[in-house]
Amino acid sequence: MVPDDLKFTKRHEWIRVDGDKGTVGISDYAQGELSDIVFVELPQVGARVKQMKPFGTIEAVKAVTDLYAPVSGEILETNPELKDKPETINSDPYGDGWIIKLRIEDPCELENLLSPADYEKLLEEEEH
Amino acid sequence: MCWIPISAKEKKEMLSSIGVESFAELISSIPPQIRIKRPLDLPTPLSEVEISAHMRELSEENQDLGHNISFLGGGSYDHWVPAAVSSIIERNEYYTAYTPYQAEVSQGTLQTIYEYQSLICELTGMDVANASMYDGASATAEAALMSYSITGRDTILASDGLNPAYYQVLMTYVQGLGLRVRRIPLSAGRTDWNRLEEMLDEGVASVIIQNPNFLGAVEDLGQIGELVHKVGALLVMVVDPISLGLLKPPGKYGADIAVGEGQALGNPTSFGGPYLGFFTCRREFLRRMPGRLVGATTDSQGRRGYVLTLQTREQHIRREKATSNICTNQALNALAATVYLTLLGREGMRDLALICLQKSHYAQERIAEIDGFKSVYSSPFFKEFVVNPPFSSERIIESLAQKGIFVGPDLGRFGMGNGFLVATTEKRSKEEIDILIEGLEERVRGH
Amino acid sequence: MTEKLIFELSGEGKRGYTLPKSDLPTQFPEELLPPEVLREYPPELPEVSEVEVVRHFVNLSGLNYHIDKGLYPLGSCTMKYNPKIGERLAILPGFSDLHPYQPECTVQGALKLMYNLEGMLCQITGMDRITLQPAAGAQGELIGLLMIRAYHTKRGNPREKVIIPDSAHGTNPASTYLAGYQAVEVRSNSQGLVDLDELKKLVDEDVSALMLTNPNTLGLFESQIMEIADIVHQAGALLYMDGANMNALLGITRPGDMGFDLVHLNLHKTFSTPHGGGGPGSGPVGVKEELVEFLPLPTIEKGEDGYKFNYDRSHSIGKVQGFYGNFGVMVKAYIYLRMLGAQGLRKVSEGAITNANYLMKNLKDLYYLPYDRFCQHEFVLSGSRQKAKGVRTLDIAKRLLDYGFHPPTVYFPLIVPEALMIEPTETEPKEALDGFIAAMRRIAQESEENPDLVRSAPHTTPVSRLDERKATKDLDVRWKG
């Protein structure tokens, strides 16, 4: 089940919005596809990211993927736990496995993202 | 001759099992207009007896180092290859295996690579090493590309003491990405520190210094690491592995990446290849390192074993975002280096370096005594040095070659003026050095 | 069975090799070099006797699978038997004991060999000139792309993109990036071939080249190659062939006749020089007349007074190797070609194609074959039916080890899920092929009846399945005393 308080990118990142701040991670489906995450390359706090541009990479044993920013903004925080326990993303992708927090530059950009229902539809298509 | 074990009878059975009358049906997808109409124009096939005679004849049209006295250097050296090295790398278990992708049946290759990585780290004083690159030149070029990827800066500073062939290969490798390479001039045969300081700024990705440099001189490196790091650039050092038996290793100078030509470690000169490039870096840059890497792990029963690791950096997974395009490397040459370093060991490498050092100093002193031959630079040197004859280097190299004495390369071939290099390995006896001296003296008298 | 690390065998004061005694008066390093350039301690290398060194590496060698032991059907890798005579002759001192900076008049035999090898490879590929310098296929690709860049630059614009099929080797996009180009993917159609309509849409004035493997990585010949060449050439772009699969074409058809402007070869695949556990290889690049001026330095020319290197070529992309490439590998390829001749070469490809089709025919009822047509030298199965039973392609690969076979290439090409890419080569006896078929059929049966047996394989190898996750997390990549 996809949590209903999130918005999604087509590349499987999610964002949870709290005022002008957003928390970003990857979906349960994405962690399952990658399996065994071993390393997360995180951006510097204070760096600026652009919507749908890479801000880091996530590395599993046999695959690696870029992380795309759901919206533009400034990095406020990165998840310190991922340095030693990147597998947290596998075990709790929507909770303790969050990746970055950012200040949302332009709330209008949120409209470009998928709703939980639309995202579920996307997943159904990918399964086929 | 043809190494196909299928008999005509078996072939027929196989075609019928496939369900075709003739082989031609299997290639029906190849349009007729591009098929070859008549046999390729190639020489008549030879039997084993004939090819052996032919190859022996061809090989005898060359003058090998064993029948001459070689003082040749410039990046390839006539060191002795111990018999045990050859015996190991001629084992078909090693030379007829593929890249160790299936770890459970490749522990031999994998463990030797792990040992190779460890030995190279000990020798260079660096944190981590990969499984090898093509040669010293491409390893240097890859180091420059890696410094670009780490720093995001596009200017490389390369000392004029860098082997000119490596410099040329570097220039080839950077042309696609459009990196700039600026040359740091030499002063009295060594990298000019003042010029380096002036050239260093926040646009510099890395500084490449070779030690001992192409002219043989041991560089005065002092606090080079701090100087380079002050502007956020990386220090890339290119080193001779034999010299590291005695010389301070790149890790101690604060090098971020250290590379070099590994030929001298148990590989014949082989007309320029196959050799191996060794490639090392600081641990924090491990994920940016090109090439294959072996890591230790355990199997499902808890036994120690080895696998290729961090493969996500490589081209077969990361494709255009890979740290390098390298796939096949020089595994068998790296195995030779592994056996060599193991045979020589801690004291052997030190003693070997000392013999080379002593011979080169004896040779250089004797040459400097000859009329008209002055030693060009007063800087310290290891196993190689520049000779400046009072007449054309080209002619002297030729006339010595006629006597079975090889010196060089000629610096003129790299646009570096009149002069040539002389290198002494442990194979050169005092007597052979004296023959070189006589040869030069004769030439002076005849001039 | 595991073998200790060489460092763990070390004993103080032991030596494996005796250096020549110095015939000069003893001098200490401090007398010849300033103290600040010397290292404080010798490198911490192991101290082991010769017999211990030899036993260690012989014991380790016993843990390897290799082509002299059995079938090695790695798709795209062409693991064929390496004739022993090549090893014997390549170490003649007149080849192995030559220095790259010897005067040219003392290495005429070596230059002649390289010159004639180039000539034979030109004849085989239908190209005008070939550089032997690249050390491996990937370096050949880079060199080829840099020549393409030089070609377009000379005509005013280097262009921006290189088109690469979705079935291509990973080195293609990686080399493209290094050459300063953007890789653009062209889809394969339902036949497993380049989709021509898609290609037409992608090809424009910004495209510098199309990089194509033919036969492609599915083992299928791109039968519309002439049309593809036309589309590419009409836009002023060049056609590059990744020659990894050249083993299917020898004496049958030539890249030069198909419209390719450049091709790289892998001497360590097609021309039977050994793989060495991952190298050394050799990746010559052949070009048509219009690209000859860009070939790397030096070329080898035949003059009235012998063979010589030519560095005097102003449009060359420059040097790519410290010296002239992997000469020792070239010697073995030369021997191979001289012993086969034209008819022998044709038999090589016929054998490779027959063996591959024989395996395919006898496996396709139990494993899904996504592109069901005659293949060339290799074919790709999918483990999708077995996956439905909970057995992945990786498990099938590991189970093959128990039956004494090296597995095929797995999970490549990327366009086939659970891919098993099988290339038997021409040097396999029928008995080995039949043994492989029997093992694969048995595993298909086991996947139905006892999937756990397959999932926990291998059971008979020196070590059991290794923990790759642990390796990636710990990153223990060197011994620490």
Side-chain angles (χ1 to χ4, degrees), chain B residues 1-2 4-5 10 14 29 39-40 42 45 55 58-59 61-64 72 88 92-93 95-97 99 104-105 107-109 118 123 134-135 137 168 172 176 268-274 295-297 299-300 305 309 315-316 319-320 322 325 328-332 343 345-346 350 409 430, chain C residues 16-17 23 42-43 45 47 57 60-61 63-68 89 92-94 96-101 106 109 135-136 138 170 173-175 177 179-180 221 223 274 276-281 318-319 322-323 326-328 339 341-342 344 351 358 429-430 461 463-464 470-471 476 478-479:
Chain B
M1 164 61 79
C2 175
I4 297 176
E10 286 171 329
M14 288 166 69
S29 58
L40 296 170
L42 294 173
M55 293 307 282
L58 203 52
S59 78
E61 287 174 43
N62 301 313
Q63 292 183 31
D64 65 82
L72 287 163
I88 294 299
N92 42 12
E93 294 91 337
Y95 82 77
T96 78
T99 301
E104 294 85 353
V105 289
Q107 286 299 300
T109 297
S118 306
L123 195 61
Y134 305 134
D135 65 356
Q168 288 162 9
T172 306
T269 48
S270 190
F271 202 42
T297 185
D299 75 356
S300 55
T309 193
Q315 46 75 28
H316 62 281
R319 302 176 80 85
E320 71 269 24
N325 69 338
T328 292
N329 53 46
Q330 307 285 121
L332 199 66
L343 285 169
R346 187 177 189 267
R350 185 185 171 280
K430 175 175 177 294
Chain C
Y17 167 69
D23 45 10
L45 303 176
E47 296 174 89
F57 289 103
L60 281 178
S61 77
L63 308 180
N64 271 2
Y65 193 89
H66 51 101
I67 190 70
D68 284 357
L89 296 175
L92 287 173
S96 66
D97 209 9
L98 298 180
H99 191 282
Y101 286 140
T106 67
S175 304
Y177 166 77
F221 192 85
S223 46
K319 267 188 82 65
F323 300 104
N326 287 341
F327 176 72
M339 292 184 73
Y358 180 70
K430 182 162 179 293
T461 46
V463 289
S464 60
K470 178 177 157 62
D476 170 2
R478 63 175 289 197
W479 173 82

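- Contacts of C/I67 with chain B are made by both backbone and side-chain atoms, with heavy-atom separations under 4.5 Å.
- Across all their heavy atoms, C/L89 and B/M55 have their closest contact at CD1-CG, 3.7 Å.
- If you measure heavy-atom distances from B/R350 to chain C, the contacts under 4.5 Å come from the side chain alone.
- Interface remark: of the candidates B/L332, B/L42, B/D299, B/D299 forms the most heavy-atom pairs closer than 4.5 Å to chain C.
- Contact count versus chain B (heavy atoms, under 4.5 Å) is highest, among C/A342, C/G351, C/G318, C/G281, for C/A342.
- Heavy-atom distances place both the backbone and the side chain of B/N92 under 4.5 Å from chain C.
- Looking at B/L58, both its backbone and its side chain come within 4.5 Å of chain C, counting heavy atoms on both sides.
- Residues forming a side chain to side chain contact (heavy atoms under 4.5 Å, CB included) with C/P429 (at least two apart in sequence, or on another chain): B/P5, C/A432.
- The main-chain N or O of C/A138 is found under 3.5 Å from a side-chain atom of B/N325 such that the two form a donor-acceptor pair.
- In this structure, the side chain of B/N329 does not engage the main chain of C/G279 through any donor-acceptor pair within 3.5 Å.
- For the residue pair B/A322 and C/A174, the shortest heavy atom distance occurs at CB-CB, 4.3 Å.
- Comparing B/Q168, B/H316, B/M14 by heavy-atom pairs within less than 4.5 Å of chain C, the highest count is held by B/M14.
- Contact between C/G328 and B/S270 at its shortest, heavy atoms only, is N-OG, 3.9 Å.
- Contact detail for B/L72 and C/Y101: the closest heavy-atom pair is CD2-O, 3.8 Å.
- Considering only heavy-atom pairs separated by less than 4.5 Å from chain C, the leading option among B/T99, B/V105, B/D135 is B/V105.
- Chain B forms the most heavy-atom pairs under 4.5 Å with one residue out of C/G16, C/G180, C/G94, C/G278, and that residue is C/G278.
- Separation of atoms CG (C/N64) and OH (B/Y95) is listed at 13.5 Å; rounding is to 0.5 Å.
- Both the backbone and the side chain of B/S59 come within less than 4.5 Å of a heavy atom in chain C.
- Between C/A135 and B/Q330, the shortest heavy-atom distance links the atoms CB-OE1, 4.1 Å.
- Distance alone, capped at 3.5 Å, is enough to place a donor-acceptor pair between the C/S464 side chain and the B/S300 backbone.
- The greatest number of non-hydrogen atom pairs below 4.5 Å with chain B, out of C/H99, C/K470, C/E47, is found for C/H99.
- For the pair C/P43 and B/L123, the minimum side-chain heavy-atom distance is below 4.5 Å.
- Each of B/S118, B/A137, B/G305 has some count of heavy-atom pairs under 4.5 Å with chain C, and the biggest count is that of B/S118.
- Nearest heavy-atom pair across B/G108 and C/L63 is N-CB, 3.6 Å.
- No side-chain heavy atom of B/Q107 sits less than 4.5 Å from a side-chain heavy atom of C/T461.
- By the side chain to side chain donor-acceptor pair (under 3.5 Å) test, B/R346 is found to be paired with C/E44, residues two or more places apart in sequence or in another chain being considered.
- Heavy-atom contacts from other residues, nucleotides or ligands closer than 6.0 Å to OH of C/Y177 number 12 or fewer.
- Of the listed residues (B/G272, B/P274, B/G345, B/G295), the greatest number of heavy-atom pairs within a distance under 4.5 Å of chain C belongs to B/P274.
- Between the CZ atom in C/F323 and the OG1 atom in B/T269 there is a gap of 9.5 Å [rounded to 0.5 Å].
- Using a distance-only test at 3.5 Å, with no hydrogens or angles considered, a donor-acceptor pair links the side chain of B/T172 to the main chain of C/K319.
- Here C/S61 is the residue among C/G322, C/S175, C/P274, C/S61 with the most heavy-atom pairs under 4.5 Å with chain B.
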